[in-house]
Amino acid sequence: VKSQRQTEDLKSVPASVSAFYPSKLEREAVSTVKEVTSRIPNFYMPQYGNKVNSPIYIRGIGSKFNTPGIAFYVDNVPFFEKSTFDFDLFDIGSLEVFRGPQGTLFGRNSMGGVISIYSKDIPSFTTNQVAASFGDRSFMSFKGAHSSSYGKLGVSASAAYTKRDGFFKNQSNGKTVDYTDAFSARVKLKYDASSSLSFKLLAGITLNNDGGNPFKVYDSSKGSFLDVSFDEESYYTRSLAYGAFVVSKKFGGFELRNV
């Protein structure tokens, strides 16, 4: 576990924490933060059908509309907007969820807990990863990642694309309502100037186009719901870009990091 500001064994950390690593994420087919809801105690991320509305609740503490009560970090970079919380977990090193107040180490927005995502360490050799999935409703997913070191410079890049038709058809125009179309890409550059000094450049982009929720009108006279019928297209879009520059300097057992 890294989120205690020092690397410790999970069972030795004096806190309520759950951790996911690449082997567990792959074994349980977890691809987004929203999909860990049923796998972590007292953790709930509602499924509203789109990534724009993505609040998180830990031990019942959270916020749907105002400032979030859960802190969210990616490689020590804070994400303060709730619409960014439904994060793609492909090609990551770990996902750590701390339950309970964490203001001592993380400050604002951490009353309910903290979610920390860390990218994989760049190995000294070249690694490549490719994955593809297909399913019903024209579901398709393509993912790829590459990592390599060139002397003191390490490079890691990944990209993912997911598409799926909706489950409900709009009777007004014959098209499905709750479709999904998403693309994401991340890159990390690391330069080791010496054994104690390193520089990292992190960047990422996510583009989402999700169909609207399939609301149905309730007919009280018939005691049943009418078919989905919108006379105008409904959708949610999310365009997210982030970047960070990290300088790390080690002094024996201590590390000074500037993000």
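Please read all numbers here as calculations on a predicted model, not as lab measurements.
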How about [X] and [Y]: do any of their side-chain heavy atoms sit closer than 4.5 Å?
| X | Y | value |
| --- | --- | --- |
| Arg99 | Ile40 | yes |
| Lys34 | Pro46 | no |
| Thr237 | Asn208 | no |
| Lys216 | Leu226 | no |
| Tyr179 | Asn209 | yes |
| Ser196 | Phe251 | no |
| Ile117 | Leu89 | yes |

Verdict with reasoning, Val114 to Ile70, per side-chain contact (heavy atoms from CB on, under 4.5 Å): CA-CA 6 Å; Val114 170; Ile70 307 300; over 6 Å; no

Lys/Arg-Asp/Glu bridge criterion (N-O < 4.0 Å) met for Lys120, Asp91: yes

Arg39 vs Glu28, salt bridge (charged side-chain N to carboxylate O under 4.0 Å, His left out): CA-CA, chis, key distance, verdict: CA-CA 9 Å; Arg39 296 169 172 86; Glu28 300 190 13; 2.7 Å; yes

Verify the ring-centre separation between [Y] and [X]: is it less than 6.0 angstrom?
| X | Y | answer |
| --- | --- | --- |
| Phe79 | Tyr242 | yes |
| Phe225 | Tyr218 | yes |
| Tyr57 | Phe43 | no |
| Tyr118 | Tyr21 | no |

Using only heavy-atom distances, determine whether the side chains of [X] and [Y] contain a donor-acceptor pair under 3.5 Å.
| X | Y | answer |
| --- | --- | --- |
| Thr126 | Ser148 | yes |
| Ser221 | Asp219 | yes |
| Ser119 | Asp75 | yes |
| Glu255 | Ser248 | yes |
| Tyr161 | Asp181 | yes |
| Asp88 | Ser184 | yes |

Same cluster (ILVMFWY, side-chain, under 4.5 Å), Leu189 and Phe245: yes

Taking the six-membered ring of [Y], is NZ or CZ of [X] closer than 6.0 Å to its centre and within 45° of its axis?
| X | Y | result |
| --- | --- | --- |
| Lys82 | Phe85 | no |
| Arg186 | Phe90 | no |
| Lys250 | Phe254 | no |

Arg108/Phe80 under side-chain contact (heavy atoms from CB on, under 4.5 Å): CA gap, chis, key distance, verdict: CA-CA 9 Å; Arg108 60 177 289 189; Phe80 292 125; 3.8 Å; yes

Test side-chain contact (heavy atoms from CB on, under 4.5 Å) applied to Lys188 and Ile122, step by step: CA-CA 9 Å; Lys188 179 172 75 171; Ile122 300 176; 3.9 Å; yes

